[in-house]
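Just so it is clear, the structure is predicted and the values come from calculations on it, not from any experiment. Worth knowing before you read on, the calculation uses all heavy atoms, side chains too, and leaves out hydrogens, waters and symmetry mates.
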Amino acid sequence: MASVFGRHCRTTPATVVAGEGVYLIDCDGRRYLDGSGGAAVSCLGHSDRDVRRAIHEQLDRIAFAHTSFFTSEPAEELADLLAEQAPAGITKVYLVSGGSEAVEAAIKLARQYFLDRGEPKRHHVIARRQSYHGSSLGALAAGGNSWRRKPFAPLLVGTSHISPCFAYRGRAQTESLDQYGQRVACELEAEIERIGPERVMAFIAEPVVGATAGAVPPVRGYFKKIRGICDKFGILLIADEVMCGMGRTGSLFALEQESVRPDIVTVAKGLGAGYQPIGAMLCQQELFDTIASNSGSFRHGHTYMGHPLAAAAATAVLKAILDRDLVTRVLCQGEKLQNALNSRFGNHPHVGDIRGRGLFRAIELVEDLETKRPFDPVHGLAARIKKSALEAGLVCYPGSGTIDGVRGDHVLLAPPFIIADSQIDELVSKLAVAVGNAVDSIA
C-alpha cells in the first residue's frame with residue numbers, strides 16, 4: 001500500500017480480498033454488508049456468475065481494439081440493448097469508461113450540436129446547486145457542490161446554478177408540494193432570460209440527486225415544467241443518471257417515472273455493476289443526424305471507449321437486470337427498506353428526513369428536528385458514521401455538506417438489487433448502531 005496514492009493520505013483502508021453476494025471480505029476475514037453498493041455501483045452484488053462468465057469468454061476472444069479502427073460485437077450488442085430500452089427518440093449510444101466521461105461527452109455533444117446548427121453563441125450550461133456530475137473539469141464545472149468546486153474554481157468554465165428541487169430544505173410552510181416544484185422549476189426560465197436565450201445550450205440535472213444531497217427525489221410535475229421551459233427556449237435537457245439510473249430508483253431510466261423525454265442521458269455505475277469500468281452517453285436521433293449531416297464526426301474521444309471486455313460485462317449486467325426482472329425487485333425491496341428505515345429512525349431525535357426511491361434511500365441527520373438545524377460541521381458527523389459503520393461491518397455512504405456544500409449530514413444507501421429481507425434488517429440494525437455511536441461521540 002505504500003506506493004498507492006489513495007483517496008486519503010493519512011489513513012490506510014482495509015484490504016479487500018473477496019466478495020460474496022452482498023458482502024465484501026477483507027484480508028483479515030471480516031465481512032461487510034455492502035449497504036451502498038460502494039457508490040451505488042454494485043447492483044448485482046460481488047460474485048455474479050453470469051457476468052463473470054461473460055468476461056472470461058470475451059477475454060478469450062479479444063480484450064481491446066481501438067475504435068478508430070474497429071467496432072466489436074460486444075459494443076454493438078450493448079448499444080442496441082440500451083437503445084431498445086431507452087426513452088422515446090433516444091437511439092444513439094456513445095460508450096465511455098465511466099460517469100465523468102459520460103457527462104463530458106454530453107456537454108461537448110451539446111456544444112457541437114449547436115455549432116453544427118449554426119448557433120455558435122450557445123455555450124452556456126445551467127445546472128442546480130448541490131448537484132454532482134463528476135470530477136473531471138467539465139463535469140465539475142457543471143456540478144453545484146461548493147466544497148468540490150472551490151479548490152479548482154479558477155479552472156472551471158462558467159456555469160450558472162439554480163435551486164435544487166429539495167422539498168425538505170426548500171419548501172415554504174405555506175406552499176404545497178406542487179407550488180414548490182413549479183416555483184423552483186421557474187427559476188430555470190428566469191436564469192435563461194438573465195443569461196440570454198441565444199447563449200444557453202443545455203440544462204443538466206440528476207433526476208434523483210445522489211452523492212451530494214442524499215437520494216433527493218423531485219416533486220411530481222417538476223421535470224414536466226423543466227421540459228416545457230427547455231422546449232420554449234430550444235435548449236437541451238441532459239438527464240444525469242450516472243448514479244440513479246439502470247434500475248436503481250425503480251425504473252431502468254430514472255426519468256421514466258416523470259414521463260419526460262430527455263435529449264441526452266448519461267449512465268454508468270450500475271451499467272457495469274463494478275465488474276468493469278464503463279459508462280454511456282445516449283442521445284436523441286436528431287442530435288446524431290445534425291452532426292452526421294454537417295461536421296460529420298463528433299470531435300471527442302477516449303482511448304478505452306467501446307472497450308470490448310467492458311461492453312461484454314455491461315451487456316451481461318443489463319441482461320441480468322432485464323431477464324431476472326430486477327427492476328420489479330428493486331421496487332419491492334426498496335419499499336421494505338423504506339419501511340425498515342421508518343420503523344427504526346422515524347422517531348429518532350436526530351433524523352430529520354427519510355427519503356428516496358427504489359433501492360436508493362437516505363436519512364438526513366439534524367441536531368434539532370423542529371428547526372432542521374444541522375450539526376456543526378466541525379464535528380465531522382458523516383465521517384464518524386462511516387467509521388462506526390465499518391466497525392459494525394457495514395459499508396454505507398455518509399456525506400457532509402448536504403444543505404450547501406458545508407452544512408448538513410446524510411447517509412446514502414444503495415444496496416445490491418439482490419439484497420434479501422434478512423439483509424435489509426441487518427443493514428438497518430448496523431446503521432442504527434453506527435448513527436447512535438457517532439451522535440453519542442459528539443454529545
Side-chain angles (χ1 to χ4, degrees), residues 87 126-132 144 161-192 203-232 237 239-241 243-245 248-251 253-262 330-331 334-335 337-339 341-343 345-348 351-366 368-374 399 402-404 407-413:
I126 300 174
R128 302 188 297 184
R129 292 188 290 276
Q130 276 307 89
S131 60
Y132 180 67
H161 297 87
I162 62 173
S163 295
C165 188
F166 190 171
Y168 176 68
R169 284 291 172 185
R171 181 169 70 99
Q173 290 184 346
T174 56
E175 286 181 306
S176 67
L177 285 172
D178 181 68
Q179 289 171 333
Y180 166 70
Q182 296 299 298
R183 174 171 64 81
V184 291
C186 285
E187 288 189 22
L188 175 59
E189 182 164 3
E191 183 64 7
I192 292 170
F203 175 69
I204 183 170
E206 302 159 274
V208 181
V209 181
T212 51
V216 178
V219 170
R220 297 295 181 186
Y222 168 82
F223 272 106
K224 283 191 175 182
K225 182 67 173 179
I226 290 291
R227 177 74 266 182
I229 294 169
C230 289
D231 290 342
K232 177 179 178 180
L237 173 58
D240 180 356
E241 302 198 4
M243 184 172 267
C244 63
R248 174 58 62 187
T249 58
S251 54
F253 290 88
L255 208 56
E256 289 178 38
Q257 297 176 54
E258 307 305 315
S259 300
V260 167
R261 174 189 57 81
V330 166
L331 290 170
E335 190 67 23
L337 177 57
Q338 181 71 19
N339 290 339
L341 291 170
N342 287 338
S343 178
F345 294 105
N347 294 313
H348 194 285
V351 174
D353 195 28
I354 304 171
R355 55 180 178 254
R357 286 184 182 173
L359 282 173
F360 200 49
R361 304 282 172 171
I363 61 172
E364 183 171 339
L365 288 302
V366 294
D368 184 90
L369 285 178
E370 185 175 350
T371 64
K372 304 180 184 179
R373 184 179 71 248
T402 311
I403 303 169
D404 55 11
R407 301 173 301 130
D409 299 276
H410 67 268
V411 180
L412 180 66
L413 301 170

Got a second to check how far [X]'s [atom1] is from [Y]'s [atom2], nearest 0.5 Å?
| X | Y | atom1 | atom2 | value |
| --- | --- | --- | --- | --- |
| Arg171 | Leu177 | CZ | CG | 4.5 Å |
| Leu369 | Asp353 | CG | CG | 11.0 Å |
| His348 | Leu341 | NE2 | CG | 12.0 Å |
| Glu258 | Ser251 | CD | OG | 8.5 Å |

Checklist entry - Is the backbone of Ala205 close enough, under 3.5 Å, to the side chain of Ser131 for a donor and an acceptor to pair up by distance? => result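 Absent.
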For residues 213-227, which side-chain N or O atoms pair as donor and acceptor with protein atoms under 3.5 Å away, sequence neighbours left out?
unit_1, atom_1, unit_2, atom_2, d
Arg220, NH1, Gln257, O, 3.3
Tyr222, OH, Arg128, NH1, 3.2
Arg227, NE, Asp231, OD1, 3.1
Arg227, NH1, Arg261, O, 2.6
Arg227, NH1, Asp263, OD2, 3.2
Arg227, NH2, Asp231, OD1, 2.8
Arg227, NH2, Asp263, OD2, 3.1

Item to check | Glu206 with Arg248: basic N within carboxylate O range, under 4.0 Å | outcome: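 No, this pair does not count.
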Item to check | Note, Val209 side chain near Tyr132 side chain (heavy atom, < 4.5 Å) | outcome: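 Answer no - side chains too far apart.
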Would you name the heavy atoms of [X] and [Y] that are closest together and state the gap between them?
| X | Y | answer |
| --- | --- | --- |
| Val330 | Leu359 | CG1-N, 3.5 Å |
| Leu237 | Cys230 | CB-SG, 4.1 Å |
| Val366 | Arg169 | CG1-NH2, 3.5 Å |

Checklist entry - Who are the salt bridge (charged side-chain N to carboxylate O under 4.0 Å, His left out) partners of Lys372, not counting sequence neighbours? => result none
Checklist entry - Residues two or more places apart in sequence or in another chain: which of them pass salt bridge (charged side-chain N to carboxylate O under 4.0 Å, His left out) with Asp368? => result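 Result, salt bridge (charged side-chain N to carboxylate O under 4.0 Å, His left out) vs Asp368: none returned.
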